[in-house]
Each structure stands twice: as structure tokens, then as C-alpha cells.
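Chain A is the first sequence line, chain B the second, and so forth, proteins listed ahead of strands; every chain is numbered from 1.
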Number of protein chains: 2
Amino acid sequence: MVKYYKDPLDRIFFALADKTRRSIVQELNSGIKTAKELAEPFMMSLPAISKHLKVLEMAKLIKREKRGRQHFFSLQAEGLEAVSNWSEFFDTFWNQNLDNLETYINKKENIDE
Amino acid sequence: MVKYYKDPLDRIFFALADKTRRSIVQELNSGIKTAKELAEPFMMSLPAISKHLKVLEMAKLIKREKRGRQHFFSLQAEGLEAVSNWSEFFDTFWNQNLDNLETYINKKENIDE
DNA sequence: ATTATAGTTAACTATATGGTTAAATATTAC
DNA sequence: GTAATATTTAACCATATAGTTAACTATAAT
């Protein structure tokens, strides 16, 4: 299951590269849920969901808490944070583009005047 | 190469789930580069890089411009934007957590007073 | 025209993934 | 203690991925 040697971002992005897993994460945004509850919306066996949950757990996108025979899942900060940290560098890209656009607009306005 | 039926976010996250591809994206943050230039830092054949570039291109994380026999690559807004849009919903999660923390701290302060 | 350069496509291999069903584990209920 | 419930693990299958080398395409240089 999920290559053990992958780096944290590999695991996180890999985990999010699957529609079912993204849905699970979104679902958990509205609160803690059991494996059974999480499986319910999907046309898929429980073992399949169990695997998806493990992938998300390994990526530290969710965490598991066993209470009796049930496993309760919830969002975990660690993984989510890593994504946003990584993608932060794009802000630079964006801001540059925005700056360029602004510069361009300003220049144009000056010419128009 | 890269399942044709994948949804856009599948492709984007999948593309980013590989260290080599993430490095390429980061490299492109500092400007436009050719395939050869992008391949240079990696201990990997050119065809391997060619495939990675195609994956990133399909995900609309980068775009390609052919000039003569060279292919120039640069970051593309579309894919990057999709990631940040998708991960926006986590802000809610974060803000809630922050709110809860604040509430907790405030309550505690009131008790301490 | 030949040769060199930049890059892709094809064919292949080993390993990983996403699903399945059947069996195992652990806890709760009767 | 036996049955039911919640969930995972095992074994398996089909397909996808990441890399390889060899062959191909297209442009540039001599």
C-alpha cells in the first residue's frame, strides 16, 4: 500500500489525486465520521474504503481514533498545512503576474492620458 | 500516459505527487526553460523527462511553446489556480480551529480574571 | 546533402494501484 | 458462549506508472 519510501508531499498529493479520497476529505470537513459512514455514499466495498482511509492517514490528511469496534476519522492539520505551504511559492508567481498586469495597465493609462 | 478520463483535479494532484515533476514546476517558477535545460539536473533519460513534461502539460500546470526544434516550457495559471481553489475549503477548517482556540483562550482568560 | 541537435514516440519491464471476495480480528449484544 | 457488527488483512486481478533503450521526426549547421 502506498510506497513506504515516498516523501511526505508525494504521499499528500498522491492521496489527493483520487476523487474518492478527495470526497472523503471534504466529507470530514463537516465533522468526525466512522469508516462505515464514510463508505456509505460510495458504490464500493468496505475494504476498498478501508484502503483509501489508510492512504489518507499515511499522508497525515486525516487521523484515526479507535473507540470500541469503531474507527473515527477526522481531518488532520499536518497534511493540509503541507499542501498550503508548498503551494505558497505560487503566490510569488501570481503576484508577479499581477504586478506585471498592473505595470502594464498603469503604463497604458499614462499613454492614454 | 496518464488516464485520459481522469478529472482535472486528479491530473493536477497526480502530476504533483512526483518529486521530479514538483522540481520541474519549481524550476519553472524562475522562468521559461527548454526540455533539455529542465532535464539537466536529473539523473534520468530525456524520454523520462519528456513524459513528465507531458504529464504536467496535461494537468495544465505548465504550457509548451515550440520554437524551431526546441520546446519552451513555462508555468500555466490554470492548474495552479485549481489547486488553490480546491484547498480553499480548508481555510474554513483552519479558521474554525482558530476560532475554537480563541474561544477557548477567551473563556480561560475570563475564568482567570 | 550530411551530420548534429532537440525532442518525441514505441516497445518493453518491473512495480504500484484500485478494486474484488474471502477470511481474520475485535468488540458488543443477547 | 454464540451471534452480530465494525473494520482490517490477505490473496488475487487488471490496469497504470516510471523508467529503460532504440528508432523516429524535425530543425539547424557545415
Over how many whole Å does the gap from [X] atom [atom1] to [N] atom [atom2] extend?
| X | N | atom1 | atom2 | value |
| --- | --- | --- | --- | --- |
| B:Leu46 | D:dA22 | CG | P | 15 Å |
| B:Glu57 | C:dT8 | CD | C1' | 12 Å |
| A:Leu53 | D:dA6 | CG | P | 15 Å |
| A:Leu38 | D:dT8 | CG | P | 10 Å |
| A:Ile24 | D:dT7 | CD1 | C1' | 14 Å |
| A:Phe42 | C:dG18 | CZ | P | 14 Å |
| B:Lys19 | D:dA18 | NZ | C1' | 16 Å |
| A:Met44 | C:dT17 | CE | C1' | 13 Å |

Q.
Measuring only between side-chain heavy atoms, which start at C-beta, is A:Trp86 closer than 4.5 Å to B:Arg22?
A.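 Answer yes - side chains close enough.
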Q. For B:Phe14, which contact category applies under a 4.0 Å heavy-atom criterion: base, sugar-phosphate, or nothing?
A.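 Result for B:Phe14 = sugar-phosphate.
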Q | Sugar-phosphate, base or nothing in reach of A:Ala35, heavy atoms under 4.0 Å | A | sugar-phosphate
Is the phosphate of [N] approached by [X] (side-chain N or O, under 4.0 Å from OP1 or OP2)?
| X | N | answer |
| --- | --- | --- |
| B:Arg11 | D:dA16 | no |
| A:Arg67 | C:dT27 | no |
| A:Ser45 | C:dT20 | yes |
| A:Lys54 | D:dT7 | no |
| A:His71 | D:dT8 | yes |
| A:His52 | C:dT17 | no |

Q) Closer to the 5' end of DNA chain C via nearest nucleotide, is it A:Val55 or B:Gln70? A) B:Gln70
(Q) Go nucleotide by nucleotide along DNA chain C from the 5' end; which of A:Lys51 and B:Lys36 gets its closest nucleotide reached first? (A) B:Lys36
Q: Using a cut-off of 6.0 Å, state whether more than 12 heavy atoms not belonging to B:Lys60 lie near its atom NZ.
A: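 No, NZ of B:Lys60 has 12 or fewer neighbouring heavy atoms, counting only those of other groups under 6.0 Å.
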Q. So, the side chain of A:Ser50 versus the backbone of A:Leu46: is there a donor-acceptor pair under 3.5 Å, distance only?
A. no
Q. Do B:Arg21 side-chain atoms and B:Ala15 backbone N/O form a donor-acceptor pair below 3.5 Å?
A.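 Judged by distance alone, yes, a pair lies under 3.5 Å.
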Q. Among A:Leu56, A:Val55, A:Leu80, whose side-chain contact (heavy atoms from CB on, under 4.5 Å) with A:Ile62 holds?
A.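 Of A:Leu56, A:Val55, A:Leu80, side-chain contact (heavy atoms from CB on, under 4.5 Å) with A:Ile62 is met by A:Leu56 alone.
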**Q.** Candidate nucleotides D:dT7, D:dG19, C:dG7, ranked by approach to the side chain of B:Arg64 - the nearest
**A.** C:dG7
Q: When you get a sec, tell me which of C:dT9, D:dT8, D:dA18 is the closest nucleotide to the side chain of B:Pro47?
A: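 Looking only at heavy atoms from C-beta outward on B:Pro47, the closest nucleotide is C:dT9.
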Q: With rounding to the nearest 0.5 Å, note down the distance linking CG in B:Leu38 to CD1 in B:Ile32.
A: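 Between atom CG of B:Leu38 and atom CD1 of B:Ile32 there are 10.0 Å.
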Q | Any donor-acceptor N/O pair under 3.5 Å between D:dT7 base and A:Arg69 side chain | A | no
